Amino acid sequence: MVYIGAKGKEELIELFASHVSSGKAQFYQMVDLNFVLGKREGPWMWDVSGNQRLLNCHCNGGVFNLGHRHPEILKVMKETLNELDIGNHHLMSEQRAILGEKLAEKTPPEITRTVFGVGGGEAVDFAIKLARGHTKKHKIIHATSAYHGHTGLALAAGDDHFKAPFEPLAPGFVDVPFGDADAVAAAIDSETAAVIFETIPATLGMPIPSNDFYPKVREICDEKGVLLILDEIQTGLGRTGKLWCFEHYDIVPDIFTIGKGLSGGIFPITATCYREDLDYFMNEHPFIHISTFGGAEVGCPVAAKVLDITSKQSFLEHVNQISDSLSMKLEGIREAYSDVLLEIRRKGLFMGLKMSDVGYGPLMSIASYNCGVFAVYADNDRSVLQFLPPLIIREDEVQYIDDSMRKAYAYAKERPDYLELARNLAA
Ligand SMILES: Cc1ncc(COP(=O)(O)O)c(C=O)c1O
């Protein structure tokens, strides 16, 4: 059976437009990005026609942290299929028990408990449910223009433009500017259950918080009896050069979410991990949060393998070393194009290229696509190109990125007409 290239590309685009998303098909046609994903291996993706190859510097926000089709992940997945299936979400489970224990080993000692999910939004929803259930309060403080997914409570904690058509959403969500601990303190009142942040918000363009931001927020939450939830769905699993991004700030959240990369790019699974002392709530209400496919058994050993790989010291050292050499190259490009590229934001390989105009994010997405790199602008700050290469890239691929991005900036500078179009996209 052939799965890639069984139909011609034009026919596939027509089928996609007719039966999946006419709007997406039209959008990609408009911006000349007619890429249909075909073969994929390691850091690379090919168009279904086989004619175009891209180095994946988006990685679906971390799903492909280990690159595409990592051999060790594929091996575990194939092995689990010899014995397991989804399992039964009502029953006790050997696979979920073993993965839960592994997560407790790989997270700070206070964090011992996990509820599994399928998607990141679901993991965030459960984090907020647990905070509300435990505190018996309803108010949730989140960053302005945050992104935590498109399910009910996660959506309510996000940017307005995704919410407007679906109002009224759950009440009690209050936004504050990201990185401002005083604003957090001022927003908390006697009805506040939790503060939720993505440790570094990707969709806001990777603004790196000051070193004292999280220690202050932790202190404020402790003083006021409010829970701190961190969303590590993009920043977790070694992306920032530590296993968990909050380690950079020397704090421990009460609840945190893991998704995307936990799948190994092969089997969807997410986790909401939380402190032992919050567990009495789930103990009293063991069936209050149900997910039929959450922590499906065939996926648990895959997630365990991801944790083993990404927590190795040598793996994290590699991430930091590649981050240093890639950022040196990108700084070279910044010097050459200093009127466009203002700043390289980074923690490990969690990178954002901050530019001088909101049109440049979309324009550089197109330019880099045309020059062999796939990267996507930050939706809630379109002056930033999110830059998330696979964590397994080597020096020769860093050189490829450097060559391609130099070409992409030259291309962008030559297309003021595209900049205007991209500005309109941003509007
Ligand atoms: C930080 C963050 N949280 C939550 C989500 C939602 O994850 P999912 O799309 O798996 O529901 C995303 C997805 O992009 C994300 O980036």
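Order of appearance sets the numbers: ligands from 1, and atoms from 1 within every ligand. Computed from a predicted model, the values in this text were never measured in an experiment.
Side-chain contact between Ile200 and Pro209 is present, with at least one heavy-atom pair separated by less than 4.5 Å. Considering only heavy atoms from C-beta on, Thr270 stays 4.5 Å or farther from Ile258 through its side chain.
Here the CG-CG distance, from Asp47 to Asn34, works out to 8.5 Å after rounding to the nearest 0.5 Å.
Remark: Asp357 does not engage Arg382 in a salt bridge, criterion side-chain N to carboxylate O under 4.0 Å.
Enclosure of atom CD in Glu83 is not indicated, since only 12 or fewer non-hydrogen atoms of other residues, nucleotides or ligands lie within 6.0 angstrom. Heavy-atom neighbours of Glu331 CD from other residues, nucleotides or ligands within 6.0 Å: above the threshold of 12.
Within ligand 1, the atoms closer than 4.0 Å to a non-hydrogen atom of His148 are 3 (N), 4 (C), 5 (C), 6 (C), numbered from 1 in the order shown. Shown in contact with Gly121 at under 4.0 Å from a heavy atom are these atoms of ligand 1, numbered in order with element: 6 (C), 7 (O), 8 (P), 11 (O).
Of all protein heavy atoms, the one closest to atom 7 (O) of ligand 1 is Gly120 CA, 3.3 Å. Remark: minimum distance from atom 2 (C) of ligand 1 to any protein heavy atom is reached at Asp231 OD2, 3.4 Å.
For ligand 1, none of its N or O atoms has an N or O atom of Val124 under 3.5 Å away.
Evaluated by nearest non-hydrogen atom to atom 16 (O) of ligand 1, the leading choice among Glu198, Gln386, Gln234 is Gln234.
Within the 4.0 angstrom cut-off, atom 11 (O) of ligand 1 has one or more protein heavy-atom neighbours.
Residue-level proximity to ligand 1 for Lys260 is carried by the side chain, the only part with a heavy atom below 4.0 angstrom.
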